[in-house]
Participant: 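Have a look at this one before I ask anything.
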Amino acid sequence: MKINTKSLLYGTFILTAANFFVRILGFIYRVFLSRYIGAEGMGLVQLIFPLYMVSITLTSSGIPVAVSRLVSQQKAVNNECAAKKTIRVSLILVSLISVCISLLLFMNMHSIAANILKDIRTLPSLFIFSPCIIMIALGAVLKGYFYGLKDIHPSALAEIIEQIVRMILVFLLLRCLPPLSIEISAAVVVLGMVIGELASLLYLHYRYHHSAKLNHNNRATLSTSFLLKNIIAIAAPVTFTRLVSSVMMAANSILIPQRLIVSGMSSNEAIATFGIVSGMVMPLLFFPFTLTSALSVVIIPNLSENVALKNWSNIRDKTAKSLLITCLSAFPSMAILIPLGQPLGLAIYNHADVGKYLVPLAFTTIFFCLQHSMGSVLNGLGKQNRSAVHFLIGGAIQILCTYYLIAQPDIGINGFIIGFFLNTVTVSFLNFITAIQVTKLRIEWMEWFIKPGLAALLMGLIVRLSYLILIDFEVSYVISFMSSITVGLLIFITVLFLLGILPYSIIKMVKNKLRKMMSERKAL
């Protein structure tokens with residue numbers, strides 16, 4: 001059976017476009033909320049966010065990855081019955097887990113609001129949030145099914161539907177209803193999230209049954225116990241890794257202000273510094289993950305299908321492509337964040353310290369992206385246990401640096417930056433070496449790293465120079481930013497074409513795929 005290697009690039013492109021669109025909508029949505037419910041209302045919503053992350057991690061992280069892998073493996077050997085049974089078993093399993101968590105949350109709402117969240121005003125939001133866990137979990141499994149089929153359109157469209165429905169509902173309620181109290185306004189925001197997830201789930205349910213009717217296969221299926229064992233074997237390490245990630249993020253959030261106070265800062269200064277790094281710097285640093293997160297979703301079923309077919313030449317080809325895509329997103333992001341870090345902080349947040357912390361952290365972008373994409377490659381190859389161990393090693397390094405270095409008066413918050421750098425370099429190196437060893441892939445230093453790195457270096461110089469020239473001519477900040485970034489990206493892409501890294505066939509392939517998709521839609 002021949003596998004179309006272009007599906008990796010196309011799937012990544014479509015998911016990146018969808019993620020980018022959803023993030024733009026999300027930014028507009030946050031601006032709207034900040035004006036209608038205020039900082040205090042936003043704060044109440046944010047209080048629920050850690051609870052949301054832990055709940056979703058337990059129900060919607062590992063099992064969808066398992067579904068994606070197992071469905072792609074069964075599809076590779078043309079066993080549609082086993083693929084359908086996999087989704088049924090997974091839906092039952094995730095339903096049981098999410099119902100238990102939802103009931104546990106519902107029965108302990110008062111205690112959670114008063115003792116954990118420390119604000120009884122979150123009670124209405126917790127009440128509305130409880131059923132959302134079930135919807136998100138079921139939707140995540142269905143998305144995993146479509147990723148396993150390498151049909152990325154339903155999942156991408158479901159994300160857009162969820163965001164649009166949420167925005168419209170909350171906008172109408174907050175605009176049309178009489179002035180609401182802060183706790184009820186926050187509950188309306190959570191209600192919008194629930195209804196948005198419901199709309200997404202209904203759409204995915206419709207597409208699943210439509211897909212199931214088109215596929216008929218009477219091949220012998222697998223036993224329920226065998227499927228359950230495989231689902232848990234894949235899901236457990238992934239869920240554990242992401243749960244530890246959530247716990248470590250929470251631990252850093254608690255430790256950083258405390259250790260800054262030990263270093264000599266006042267409580268207000270410590271909270272302000274932590275807010276700058278976590279709330280302003282890190283979102284800018286995560287900019288390139290629109291592409292690498294899409295790649296991570298697409299690469300797992302692609303690799304799993306090839307593992308089932310023992311097609312190691314295709315596995316090496318797709319691993320190489322994922323490395324190239326990662327570098328082609330990370331390097332230009334560094335070429336924007338490093339030369340424009342200081343003015344970005346002033347233009348977006350009107351705070352000089354943002355750039356001071358953003359610039360050194362931006363040097364970790366390539367390692368952070370490699371850590372993410374190579375971890376997904378290991379998950380696709382069935383090496384999720386190794387990926388989990390690597391992540392734990394990096395997390396331990398980060399926590400140790402946070403605890404010991406930040407408390408030093410002459411280091412302070414730079415201890416977090418040092419820990420973040422050591423963490424990402426260590427995990428990316430371990431994931432990269434393991435992926436190379438498992439796939440026996442020859443390292444193309446020149447194609448993956450040196451050529452994109454040199455193109456990004458030239459881009460960074462052009463971006464900085466053009467920005468300074470425009471500012472000297474008293475051009476506005478926004479136009480200066482957009483113009484310099486646009487010129488820099490054009491230079492980067494041109495150099496890549498001249499170096500032969502971006503052949504015209506890639507653009508032609510994407511155009512043909514989009515044209516074919518549009519013609520199929522018109523035919524329907």
Side-chain angles (χ1 to χ4, degrees), residues 1-16 19 64-77 144 146-153 155-156 234 238 288-289 291-330 366 369-384 386-387 428 431-449 451-452 496 500-503 505-510 512-513:
M1 179 180 176
K2 186 179 179 180
I3 307 267
N4 183 7
T5 57
K6 292 181 179 180
S7 63
L8 176 65
L9 295 173
Y10 177 71
T12 302
F13 172 79
I14 294 297
L15 277 182
T16 299
N19 288 343
V65 172
V67 170
S68 175
R69 277 186 52 188
L70 294 173
V71 167
S72 64
Q73 289 174 2
Q74 297 306 320
K75 178 177 176 287
V77 296
F146 286 112
Y147 291 141
L149 296 180
K150 288 187 290 198
D151 182 5
I152 43 79
H153 299 109
S155 300
I234 297 170
V238 176
F289 286 91
L291 179 59
T292 54
S293 62
L295 172 65
S296 298
V297 169
V298 174
I299 192 69
I300 292 175
N302 272 273
L303 291 176
S304 297
E305 184 173 351
N306 282 283
V307 168
L309 296 172
K310 302 187 186 310
N311 192 344
W312 285 97
S313 62
N314 238 317
I315 289 172
R316 283 187 283 272
D317 178 62
K318 293 190 175 185
T319 302
K321 279 189 173 68
S322 67
L323 279 164
L324 180 59
I325 292 171
T326 300
C327 292
L328 292 182
S329 63
I366 181 63
C369 289
L370 282 172
Q371 168 188 328
H372 198 57
S373 60
M374 289 300 97
S376 298
V377 166
L378 293 180
N379 288 339
L381 295 173
K383 301 297 181 181
Q384 59 272 5
R386 293 282 294 275
S387 178
S428 63
N431 285 352
F432 177 75
I433 293 300
T434 304
I436 295 298
Q437 289 175 344
V438 172
T439 60
K440 295 180 173 60
L441 179 66
R442 186 168 65 91
I443 302 176
E444 299 284 350
W445 294 106
M446 184 64 68
E447 298 299 314
W448 299 341
F449 300 105
K451 288 182 179 180
L496 292 181
I501 297 177
L502 280 182
S505 58
I506 292 179
I507 297 177
K508 187 177 179 181
M509 179 269 294
V510 173
N512 290 337
K513 281 275 191 178

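Throughout, residue positions are numbered sequentially from 1 according to the sequence presented.
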Participant: Looking at CG of L149 and CD of Q74, how far apart are the two atoms once the value is rounded to the nearest 0.5 Å?
Facilitator: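 Here the interatomic distance stands at 12.0 Å.
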Participant: Quick one, N311 and I315 - any side-chain contact, counting heavy atoms below 4.5 Å?
Facilitator: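 No; the side chains remain at least 4.5 Å from each other.
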Participant: Could you pull out the closest heavy-atom pair between W312 and L381, with the gap in Å?
Facilitator: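 Taking W312 first and L381 second, the nearest heavy atoms are CZ3-CD2, 4.5 Å.
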Participant: Of all residues at least two apart in sequence or in a different chain, which pass the side-chain hydrogen bond (donor to acceptor under 3.5 Å, both in side chains) check with K383?
Facilitator: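 Residues passing side-chain hydrogen bond (donor to acceptor under 3.5 Å, both in side chains) with K383: none at all.
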Participant: Would a 4.5 Å heavy-atom cut-off, applied to side chains only, mark N431 and T434 as touching?
Facilitator: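 Sidechains of T434 and N431: no contact.
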Participant: Output yes when a side-chain donor or acceptor of R316 lies under 3.5 Å from a complementary backbone atom of L441, and no otherwise.
Facilitator: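 No, the answer is negative, given that no donor and acceptor are paired below the 3.5 Å cut-off.
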Participant: What's the separation between atom CG in L70 and atom CD1 in I234, rounded to the nearest 0.5 Å?
Facilitator: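 If we round to the nearest 0.5 Å, L70:CG and I234:CD1 are 4.0 Å apart.
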Participant: Hey, does the side chain of S155 reach the backbone of I152 with a donor-acceptor pair shorter than 3.5 angstrom?
Facilitator: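 Side chain of S155 to backbone of I152: no pair is present.
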Participant: Report the distance from atom CD of Q371 to atom CZ of F432, rounding to the nearest 0.5 Å.
Facilitator: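 Atom-to-atom, Q371:CD and F432:CZ are 14.5 Å apart.
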Participant: Say you draw a straight line from CH2 of W448 to CG of L370; how long is it, rounded to the nearest 0.5 Å?
Facilitator: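 Taking CH2 in W448 and CG in L370, the distance rounds to 10.5 Å.
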Participant: Would you give the length of the straight line joining atom OG1 of T319 to atom CG of L324, rounded to the nearest 0.5 angstrom?
Facilitator: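 The distance works out to 12.5 Å.
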Participant: Can a donor-acceptor pair be found, under 3.5 Å and without considering hydrogens, that links the side chain of T326 to the backbone of S322?
Facilitator: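 Present.
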Participant: For residues A435 and M374, report the shortest heavy-atom separation together with the two atoms involved.
Facilitator: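 Looking at all heavy atoms of both residues, the closest pair is CB-SD, 4.0 Å.
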Participant: Could you give the distance from CG (N314) to NZ (K321), rounded to the nearest 0.5 Å?
Facilitator: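 So the CG of N314 and the NZ of K321 are separated by 8.0 Å.
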Participant: Any side-chain heavy atom of V377 sitting closer than 4.5 Å to one from K318?
Facilitator: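 V377 vs K318: side chains apart.
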